[in-house]
Amino acid sequence: MKILYFAWLRERVGKPEEEIALPSNVSTIADLMEWLAGRGEEYAYAFENRNVIRAAIDHVHVKADAPVGAAREIAFFPPMTGG
Amino acid sequence: MKILYFAWLRERVGKPEEEIALPSNVSTIADLMEWLAGRGEEYAYAFENRNVIRAAIDHVHVKADAPVGAAREIAFFPPMTGG
Amino acid sequence: MTVTIRLQQEDFDVGAENAVLARGHTDIGAIVTFTGICRDSEAGSDVSAMTLEHYPGMAEAEIARHVETAQARWPLLGVTVIHRYGRLVPGDNIMMVATASAHRQAAFAAAEFLMDYLKTQAPFWKLEERGRDKKWVDAKSSDDRATERWRKD
Amino acid sequence: MTVTIRLQQEDFDVGAENAVLARGHTDIGAIVTFTGICRDSEAGSDVSAMTLEHYPGMAEAEIARHVETAQARWPLLGVTVIHRYGRLVPGDNIMMVATASAHRQAAFAAAEFLMDYLKTQAPFWKLEERGRDKKWVDAKSSDDRATERWRKD
């Protein structure tokens, strides 16, 4: 599964995207953020304030309880600030 | 004194402008329209419906009772239709 | 504050006019441009051409007066008004207004204000051609209502 | 109905884009164009540059969805949205919206609707540079209020 990071999330994680193998105990966006936060210092920093982080599954905005099982691409980003 | 005509007033009078010598009994725009209307068939036709005709003295909109004595240029035209 | 008011027969270039408005300014955040184009149909019937007549000198003065009103009401950094006269056919540009400001709200409001004025009370008379039939257009009362919303009493 | 949505690094030409929108149409009477320009000051302090980041694919889809909403609400004959990304300095064009319609009211309303969306919720993140200091811009709540007026419940 492809995970994308934008803006300060990208800077904190230190990469724009990566491929992950979804663990079996991760079923929602909230689960995924929790799992990612446990992957190391940079992830813990990126995901320290999870309630401001927005997510999209396959280009569509979703809430934290959205199921992630069928996703091809999941993106995490701060609230969009407009152009 | 220079008199200008626009749109269908110009077409009816048959010329865009003319010089006139203001008669001594003409003191307002209304007087001037009445005097012009008496100058011939084309003027009578142009000024037959005087309450729709607008006037300007030296580029400024004026009402029918405006005095014309000090004017350099008087224009008569239908209500402006915008661009 | 860059103010450009031009009445002309020739066409205009919106991109070039916008560039003139913005040139040398780094405080402008928003430019709203309106372009009015000659349509092939008015009031439900085909129009083959229209001719705009204006009163040179008075037209510029009247437009300038309304630009000043817009400047007094909104924090503008530039205004351009270009209006063509003469005979125009469908597809031809008729006129443009461009308003520049730090923020979009002022630029939009001022452009709409100037357009409501220009489309209804601006010093032009319009002759429409429908085939061989030519007719002077009457002042529209529906457009007058659009200008009324700007009136402060 | 001509719809153009482009995200690009390079600059755009408002005049050329307007011409594309109008080409071959004689039913368009009004084109409203908004150009957003990078300012040298935001929230009262100097800005030396800004960088716009976007989510390719999602950005286009989100903008297209809002263009469809505008089309459903107003009788539009064409819409163009061009948004730049990457690093921009004061004076640079950021984005443009153009809306074409038979009459000016629909063109103005649709352009304002799209701008309120693009300036607040569009899929961009903005990094502002003030000298050597770089800071991601937070979402603004005042702009969110501007978008609320379009919400139909």
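The chains referred to below are lettered A, B, ... by the order of the sequence lines, with proteins before strands, and numbering in each begins at 1. Everything numeric in this text was worked out from a predicted model, so none of it was measured. Excluded from the calculations below are hydrogen atoms, water molecules and symmetry mates; all remaining heavy atoms, backbone and side chain alike, are included.
- Tested against D/E129, the residues D/R87, D/K135, D/K134 include a single side chain to side chain donor-acceptor pair (under 3.5 Å) partner, D/R87.
- Within residues 10-21 of chain A, the residues having any heavy atom under 4.5 Å from a heavy atom of chain D are, by residue number, A/R10, A/E11.
- Scanning all heavy atoms of the two residues, the minimum distance from D/R130 to D/D46 falls at CG-O, 3.0 Å.
- Residues A/D31 and A/N25 share a closest heavy-atom pair of OD2-O, 4.0 Å.
- For residues 20-27 of chain D, an interface with chain A (any heavy-atom pair closer than 4.5 Å) does not exist.
- By the 6.0 Å contact criterion, OH on A/Y45 is open, its count of non-hydrogen atoms from other residues, nucleotides or ligands being 12 or less.
- Among all heavy-atom pairs drawn from A/F76 and A/L9, the shortest one is C-CD1, 3.8 Å.
- In this structure, D/N93 contributes its side chain and D/I37 its backbone to no donor-acceptor pair below 3.5 Å.
- Between D/E62 and D/R65 a salt bridge is recorded (basic side-chain N to carboxylate O distance below 4.0 Å).
- Atom CD of A/E42 is surrounded by more than 12 heavy atoms from other residues, nucleotides or ligands within 6.0 Å.
- Proximity of a side-chain donor or acceptor of A/T81 to a complementary backbone N or O of D/K126 within less than 3.5 Å is detected.
- The two atoms that bring D/A102 and D/L77 nearest to each other are N-CD1, 3.7 Å, heavy atoms only.
- Proximity to chain A is limited to the backbone of D/L118, based on heavy atoms less than 4.5 angstrom apart.
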